[in-house]
Amino acid sequence: MRCRHLNDFGFDSFSPDYGFGGLSLDNTQSLGPYIPDAQECLSCGICVGSCPTYRIRPEENYGPRGRIRLLEKVVRRGEPLDANEQTALAACTQCQTCETLCPSKMAFSELYRQALEGDHFKPTRSLLVSWVLALAMGGEKTRQRLNRSIRIYQRSGLSRLLALLARLPLLKGIQPLLAPLPVPHSPQPVAGFTQAQAEQPLGEVSVFTGCIANLFDTATHNATIKLLSRIGYDVTVVENQACCGAAYAHNGEMSAAKSCLKQNLSAFANSNAVIYNSSGCGAYLNDYSELIADEDKKPHELPPFLDVLDYLEQSDGFHELQFKPLPTQVVVHEPCSQRNALKNQTLVYRLLEKIPGLRIEPLADNQVCCGAGGTKMVTQPELANPMRDEKVAALSSSGADILITTNLTCALHLTSGARNTGFSGRVMHPVQLLAEQLID
Ligand code: SF4
Ligand code: SF4
């Protein structure tokens, strides 16, 4: 939610108990959300125990209450942060758990965004993050080259060399990205057009493929296409689409994020509906309506970006599909992007219930972030790995054969941790499981 500073309206201070002359509190509602003063944080501490970084490093500035004061310091008072304060602020995974739990509805993520955009601090960058961001903007040719490199890596036994290189500070955090590579990794091609498997097609939809998902998770794209075409849609995958921009925005690089937006607006200009399957991308695509306000555009100029889970759930055709039984247990990891931003985490359970025999349980402590945090699993493994390991321990205790998640970076992060414990099951997106069990 984008906010305007109350000072923009000529007020130096604000108390919810008082009006300002003719301007009552009710009148302020029409002005949109405001940036909360840190004093409006009740210091109740309700949010603190669920903050993933505070759980690993229990210091005030590594939790939301302390960070709110740091944010106020830079955003409202324009004072600089010292190096330790900057590090503590940058360590936030932007999971929004504090905001979801807060009884005062503190607009934490808005404050954080403003601090990032105001260049008050910069999240840590590593060579690897630069590489990921270059990949995000690199387009299809870059990704194809990278795919070739991965295949060479698999065949040449370079893994031991890379394991050694991963100890270099510049490459710290590379393990999560290497995790999926030792298994057979042969990205399936994703068709540009797939015809509806229905006598009377319902229309045409586009699939949003993202950046690293095109490299690591084409199976989920193909599963999405399979389900959508089976329920009656022609499915297109337009070539000139870009990364959603979240990887840039979370690193405070708003002009690059807006370049992604512009490219996607152009790519999807003729799309009736754009279906995404990664909740991380979806959370940011849903912010486009606010980003374009800065571009002097109107929300109606955006194509509708829709979550594949919502789309399937609301489609009569999906509920008519038949699925093969699967007598096994799955646990569902609920990514922060899905719980706290999209707020549609219950859909995963409802859709998977269509598979007969499947036993579905939530992963313990789903309200706590796994630490992936976009690029955080790469830039701060000292915090991200212990967070991940709590999830992996919960996975082991569950006895489940399959871990379900809708967020690709969470999947990569959790896979790397699960491998360390000898977990031999699968980590997969729910639409992948649905597509596998679909009766032809
Ligand atoms: S957004 Fe997440 S990591 Fe950041 S302060 Fe809030 S709970 Fe902690
Ligand atoms: S829950 Fe809200 S009011 Fe309580 S400490 Fe956290 S931010 Fe402050």
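Everything numeric in this text was worked out from a predicted model, so none of it was measured. Just follow the structure's listing: the first ligand is 1, and inside any ligand the first atom is 1.
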Looking only at protein heavy atoms, which one is nearest to atom 7 (S) of ligand 2, and how far off is it? I68 CD1, 3.4 Å
Assess the side chains of E110 and Q114: does a donor N or O sit below 3.5 Å from an acceptor N or O? yes
Is the distance between the ring centroids of Y311 and Y233 under 6.0 Å? yes
When D307 is tested against each of N344, N286, T406, N277 for side chain to side chain donor-acceptor pair (under 3.5 Å), which residue passes? N344
Short check: any N/O/S atom of C44 below 2.8 Å from atom 6 (Fe) of ligand 2? no
Quick one: do the D217 and T220 side chains pair a donor with an acceptor below 3.5 Å? yes
At less than 4.0 angstrom from any non-hydrogen atom of P103, what atoms of ligand 2 do you find? 1 (S)
Check for a donor-acceptor pair, side chain of N61 on one end and backbone N or O of E85 on the other, with a separation under 3.5 Å. no
So, for Y288 and F305, is the gap between ring centers shorter than 6.0 Å? yes
Atoms in ligand 2 with a heavy atom of G45 nearer than 4.0 Å: 4 (Fe), 5 (S)
Atom 3 (S) of ligand 2: which protein heavy atom is closest, and how many Å away? L42 N, 3.2 Å
The protein heavy atom nearest to atom 8 (Fe) of ligand 2 is C41 SG, 2.2 Å
Heavy-atom nearest neighbour in the protein, as seen from atom 2 (Fe) of ligand 2, with distance rounded to 0.1 Å: C102 SG, 2.3 Å
May I have all residue pairs that pass salt bridge (Lys or Arg N to Asp or Glu O under 4.0 Å) and include part of residues 402-416, sequence neighbours excluded? none
Distance to 0.1 Å, residue and atom name: give those for the protein heavy atom nearest to atom 6 (Fe) of ligand 2. C47 SG, 2.3 Å
Do E117 and Y112 get their side chains close enough for a donor-acceptor pair, meaning under 3.5 Å? no
Ignoring hydrogens and geometry beyond distance, is a side-chain donor-acceptor pair present between N407 and T405 at under 3.5 Å? no
Hey, are R69 and S43 close enough side-chain-wise for a donor-acceptor pair under 3.5 Å? yes
Using 2.8 Å as the cut-off, count the protein N, O or S atoms closer than that to atom 4 (Fe) of ligand 1. 1
